[in-house]
Student: 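Got a structure for you, written out below as structure tokens; questions coming shortly.
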Amino acid sequence: DAKTTQPPSMDCAEGRAANLPCNHSTISGNEYVYWYRQIHSQGPQYIIHGLKNNETNEMASLIITEDRKSSTLILPHATLRDTAVYYCIVRVGASGSRLTFGEGTQLTVNP
Amino acid sequence: NAGVTQTPKFQVLKTGQSMTLQCAQDMNHNSMYWYRQDPGMGLRLIYYSASEGTTDKGEVPNGYNVSRLNKREFSLRLESAAPSQTSVYFCASRSGTSGDSEQFFGPGTRLTVL
């Protein structure tokens with residue numbers, strides 16, 4: 001699986017958009033980009049994933065560059081409850097494939 | 001649906017003791033996974049089961065064994081616990097029928113080995 005690079009920490013003001021970047025310059029054509037978050041040592045929570053196109057759901061938006069070498073997770077209106085470690089993971093879209101977690105980005109939302 | 005459940009939530013062992021961590025999912029998922037997370041680090045895959053009847057090693061399998069008891073249950077066994085196995089253990093499951101389906105995680109088991 002391709003390796004990802006994320007900043008170790010970011011801050012965001014409550015109510016503002018949080019934009020979390022991820023580099024995955026060695027991504028292969030059949031690898032998806034996944035985002036998970038982990039709030040205070042709870043089990044990781046799935047947020048969103050995509051292959052080529054931008055994606056949006058009730059939690060977030062995922063913007064993938066045209067060359068697929070980087071992506072941005074956008075939390076449109078961050079709240080204090082969004083404070084967590086955010087993991088960007090790339091994974092082959094096959095039934096037996098696994099997630100490889102890096103160290104993620106610690107996002108702190110400030111009041 | 002309860003999702004992914006894990007027992008126990010907390011456990012303290014002495015070096016050399018054995019124990020089994022239990023995991024069950026009620027989502028009819030094919031694939032199940034065991035991870036460990038050490039303080040300040042990301043999760044590392046110990047073992048996984050792509051489908052009922054199969055198990056495979058992950059990144060850090062040494063000192064562990066697993067059993068995929070049936071489609072619902074996937075247990076992790078420590079035969080002779082060591083202090084280096086002090087960690088938080090997470091179980092996860094995934095439908096596996098669609099190649100890009102997401103994983104669902106349990107709440108974790110916090111294990112301390114003295």
Side-chain angles (χ1 to χ4, degrees), chain A residues 1 3-9 22 27-53 55 57-60 62 64 68 71 73 84-107, chain B residues 2-6 9-10 21 23 25 27 29-61 68 87-111:
Chain A
D1 292 337
K3 190 168 177 171
T4 61
T5 304
Q6 298 177 252
S9 64
C22 180
I27 192 169
S28 302
N30 62 348
E31 288 182 309
Y32 288 77
V33 180
Y34 286 79
W35 284 85
Y36 285 76
R37 71 181 183 184
Q38 188 174 25
I39 298 173
H40 197 271
S41 298
Q42 296 176 20
Q45 176 190 24
Y46 166 80
I47 302 172
I48 199 167
H49 75 281
L51 183 63
K52 295 183 204 176
N53 300 322
E55 302 287 345
N57 63 20
E58 64 278 3
M59 289 182 70
L62 174 61
I64 302 174
R68 300 187 70 236
S71 60
L73 178 74
V85 178
Y86 286 78
Y87 296 100
C88 167
I89 301 165
V90 292
R91 197 197 79 192
V92 174
S95 61
S97 64
R98 309 105 51 107
L99 294 173
T100 301
F101 285 80
E103 296 185 6
T105 296
Q106 171 67 59
L107 175 68
Chain B
V4 180
T5 56
Q6 294 183 234
K9 287 188 169 55
F10 300 92
L21 282 63
C23 174
Q25 52 89 12
M27 296 173 281
H29 284 172
N30 292 318
S31 302
M32 297 186 73
Y33 307 78
W34 275 105
Y35 295 87
R36 62 177 285 175
Q37 185 174 34
D38 299 328
M41 296 181 65
L43 281 71
R44 291 183 293 170
L45 183 65
I46 305 171
Y47 270 94
Y48 68 106
S49 171
S51 61
E52 187 179 357
T54 69
T55 60
D56 285 287
K57 294 179 180 178
E59 298 173 64
V60 288
R68 183 73 184 268
S87 192
V88 181
Y89 291 84
F90 291 102
C91 177
S93 71
R94 188 166 78 92
S95 71
T97 54
S98 168
D100 64 331
S101 57
E102 71 267 27
Q103 287 189 13
F104 293 83
F105 285 80
T109 294
R110 281 144 185 82
L111 175 66

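Quick note on labels: first sequence line is chain A, next is B, and so on, each numbered from 1.
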Student: If you count heavy atoms of other groups shown closer than 6.0 angstrom to CD of B:Glu59, is the number above 12?
Tutor: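 Yes, enclosed.
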
Student: For residues B:Arg94 and A:Arg91, report the shortest heavy-atom separation together with the two atoms involved.
Tutor: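 Looks like NH1-NH2, 2.9 Å.
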
Student: In Å, rounded to the nearest 0.5 Å, how long is the span from CD of B:Glu102 to OH of A:Tyr32?
Tutor: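 B:Glu102 atom CD to A:Tyr32 atom OH measures 12.5 Å (nearest 0.5 Å).
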
Student: Examine whether an atom of B:Tyr35 lies under 4.5 Å from a heavy atom of chain A, and if so say whether it belongs to the side chain, the backbone or both; otherwise answer neither.
Tutor: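 Side chain only.
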
Student: Tell me, for B:Leu43 versus chain A, whether the close heavy atoms (under 4.5 Å) come from the side chain, the backbone, both or neither.
Tutor: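 Both parts, backbone and side chain.
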
Student: So what's closer than 4.5 Å to chain B heavy atoms on A:Gln106: side chain, backbone, both or neither?
Tutor: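 For A:Gln106, no heavy atom lies under 4.5 Å from chain B.
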
Student: Which bit of B:Arg44 comes within less than 4.5 Å of chain A, counting heavy atoms only: side chain, backbone, both or neither?
Tutor: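 Neither part.
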
Student: Report which part of B:Gln6 has an atom under 4.5 Å of a heavy atom belonging to chain A: side chain, backbone, both, or neither.
Tutor: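 When you check distances to chain A, no heavy atom of B:Gln6 falls under 4.5 Å.
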
Student: Who pairs with A:Tyr86 by ring-ring contact (aromatic ring centres under 6.0 Å, His included), at least two apart in sequence or on another chain?
Tutor: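 Result, ring-ring contact (aromatic ring centres under 6.0 Å, His included) vs A:Tyr86: none returned.
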
Student: Which pair of heavy atoms, one from A:Tyr36 and one from B:Gln103, lies closest together, and at what distance?
Tutor: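 Looking at all heavy atoms of both residues, the closest pair is OH-N, 2.8 Å.
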
Student: Give, for atom CG of A:Leu99 and atom CG of B:Leu45, the distance between the pair rounded to the nearest 0.5 Å.
Tutor: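 The CG atom of A:Leu99 sits 8.5 Å away from the CG atom of B:Leu45.
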
Student: Looking only at heavy atoms and a cut-off of under 4.5 Å, which of B:Gly106, B:Gly58, B:Gly42 has the most pairs with chain A?
Tutor: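 Ranked by contacts with chain A, first place is B:Gly42.
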
Student: Identify, with sequence neighbours excluded, every residue that meets side chain to side chain donor-acceptor pair (under 3.5 Å) alongside A:Arg68.
Tutor: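 Partners of A:Arg68 by the side chain to side chain donor-acceptor pair (under 3.5 Å) criterion come out as none, since no residue qualifies.
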
